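Contents: one structure, followed by commentary.
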Amino acid sequence: MIIVRKIQIPSLPTKKPRRLYVYLPKEYGKTDRRYPVLYMFDGHNVFYNSHATYGKSWGMKEYLEKTKMPLIVVGIECNPEDFKRLSEYSPWTFTRRGLPIIEGKGKETMDWITGTLKPEIDRTYRTLPDRENTMIAGSSMGGLMTIYAAVEYNAYFARAASLSPSLWVNRKAMKELIASHPLAQPTQIYMDYGSGEAEGHRFILGVAFEVAKYLTKAGANVDMRVVPDAMHSEAYWEKRIPVFFDYLFNN
């Protein structure tokens with residue numbers, strides 16, 4: 001079952017309310033069991049093709065139902081207005097050719113997730129609220145935010161999956177952030193890139209492995225992968241769900 005409702009984030013207002021998605025396991029209403037929780041960026045792309053930006057979702061609902069995964073998944077729709085997604089999903093202010101100056105509001109985003117959304121989810125649903133049962137995941141800019149969250153908000157998240165993260169935003173700031181934050185145990189972080197998306201941007205693979213090294217030095221258990229021929233889209237990220245779920249749940 002997926003519950004979909006419209007929300008506003010006071011610190012990150014939109015003209016049009018965004019959607020919040022909460023997936024509950026099929027057995028949820030038949031038991032008093034408590035469940036771990038996975039928070040996901042770009043929630044509109046997670047479950048429904050009809051809601052997805054480019055008409056293709058991650059197919060997360062089908063995977064969870066097929067595997068009977070005992071997990072609550074919370075998807076948060078981004079702000080699609082102008083360049084506000086980039087702003088909400090970046091911890092740092094940045095610019096790039098063809099873009100205006102993007103004001104980094106990643107801290108505001110994570111303060112709301114950890115300070116408002118997570119307590120509400122824990123009150124409303126039967127969750128396992130401790131950090132070892134709380135995960136976060138995302139791709140592209142959401143992948144950047146995932147690493148940021150796993151480090152800066154490590155008190156909340158023990159496990160994270162960052163697919164095709166946009167480390168180009170400010171790789172120096174990311175490395176400095178990690179170097180200054182010893183991580184609690186356990187901290188598990190899955191990272192990857194598709195070899196197809198790295199073509200023409202091969203430097204990004206070097207950056208990714210360097211970030212993985214910094215995370216390892218900070219105390220994380222990191223699985224960094226290059227996925228053959230994979231491109232930068234939901235269709236390819238969907239294929240990696242079994243891989244990062246196996247790492248986060250079984251490693």
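It should be emphasised that the depicted structure is a prediction, and the values quoted were computed from it without experimental measurement.
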Looking only at heavy atoms, which two atoms of [X] and [Y] are closest? And how far apart?
X	Y	value
Ala150	Leu183	O-CD2, 4.0 Å
Gly194	Arg240	N-NH2, 4.2 Å
Tyr21	Arg19	OH-NE, 3.2 Å
Leu144	Ser166	CD1-O, 3.6 Å
Phe47	Lys61	CD2-N, 3.8 Å
Met141	Ser90	CE-CB, 3.9 Å

Heavy-atom side-chain proximity of [X] to [Y] below 4.5 angstrom:
X	Y	answer
Arg131	Arg159	no
Leu215	Met191	yes
Glu152	Pro91	no
Leu117	Tyr39	yes
Leu20	Glu77	no
Lys175	Ile178	no
Lys68	Lys26	no
Val37	Met135	no

Is a side-chain donor-acceptor pair under 3.5 Å present for [Y] with [X]?
X	Y	value
Tyr35	Glu27	yes
Ser57	His51	no
Tyr156	Asn154	no
His232	Glu197	yes
Arg85	Thr53	no
Tyr190	Asn221	no
Asn45	Asp42	no
Thr14	Asn79	no

Checking [X] side chain against [Y] main chain: does a donor-acceptor pair fall under 3.5 Å?
X	Y	value
Ser87	Phe83	no
Arg34	Leu128	no
Thr93	Gly104	yes
Gln188	Ala220	no
Ser162	Gly143	yes
Thr187	Ala184	yes

Problem set entry | Validation row, ring centre Phe94 to ring centre Trp168 under 6.0 Å |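 They qualify: ring centres under 6.0 Å apart.
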Exercise. Phe245 and Tyr63: aromatic ring centres closer than 6.0 Å?
Worked result: yes
Exercise. side-chain contact (heavy atoms from CB on, under 4.5 Å) with Leu24: which of Leu71, Val73, Ile2, Ile72?
Worked result: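 Answer to the side-chain contact (heavy atoms from CB on, under 4.5 Å) test with Leu24 among Leu71, Val73, Ile2, Ile72: Ile72.
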For this session: Test Ser139 against every option in Trp58, Phe41, Tyr236 by the side-chain contact (heavy atoms from CB on, under 4.5 Å) rule and name the one that passes.
Result: Trp58
For this session: Let me see the working for Arg225 and Val243 under side chain to side chain contact (heavy atoms under 4.5 Å, CB included), right down to the final yes or no.
Result: CA-CA 10 Å; Arg225 302 188 180 206; Val243 180; 3.3 Å; yes
Problem set entry | Stepwise salt bridge (Lys or Arg N to Asp or Glu O under 4.0 Å) check, Glu81 with Lys84 | CA-CA 6 Å; Glu81 299 169 14; Lys84 290 183 180 178; 3.3 Å; yes
Residues, nucleotides or ligands: over 12 heavy atoms within 6.0 Å of [X] [atom1]:
X	atom1	answer
Arg171	CZ	no
Asp229	CG	no
Lys107	NZ	no
Ile101	CD1	no

To the nearest 0.5 Å, what is the distance between [atom1] on [X] and [atom2] on [Y]?
X	Y	atom1	atom2	result
Lys105	Leu12	NZ	CG	6.5 Å
Asp223	Thr216	CG	OG1	10.0 Å
Met69	Met60	CE	CE	9.0 Å
Cys78	Arg18	SG	CZ	7.5 Å
Ile76	Thr109	CD1	OG1	9.0 Å
Thr134	Leu38	OG1	CG	10.0 Å

For this session: Using the ring of Tyr28 (Phe, Tyr or Trp, six-membered ring only), decide whether Arg126 places NZ or CZ under 6.0 Å from its centre and within 45 degrees of its axis.
Result: yes
For this session: Verify salt bridge (Lys or Arg N to Asp or Glu O under 4.0 Å) between Lys239 and Glu234, making sure each step is shown before the conclusion.
Result: CA-CA 9 Å; Lys239 295 177 181 178; Glu234 282 72 20; over 6 Å; no
For this session: Please assess Val4 against Tyr48 for the test side chain to side chain contact (heavy atoms under 4.5 Å, CB included), listing each intermediate value before the final yes or no.
Result: CA-CA 11 Å; Val4 183; Tyr48 299 115; 4.1 Å; yes
State yes or no: do [X] and [Y] share one hydrophobic cluster built from I, L, V, M, F, W and Y residues joined by side-chain heavy-atom distances below 4.5 Å, directly or via other members?
X	Y	answer
Tyr54	Val46	no
Met145	Leu99	yes
Val227	Leu205	no

For this session: I would like to know whether Trp112 and Lys118 meet side chain to side chain contact (heavy atoms under 4.5 Å, CB included); could you show each step before the answer?
Result: CA-CA 8 Å; Trp112 177 79; Lys118 184 181 184 306; over 6 Å; no
Exercise. Can you check side chain to side chain contact (heavy atoms under 4.5 Å, CB included) on Ser164 and Asp192, steps first, answer last?
Worked result: CA-CA 6 Å; Ser164 308; Asp192 72 20; 4.3 Å; yes
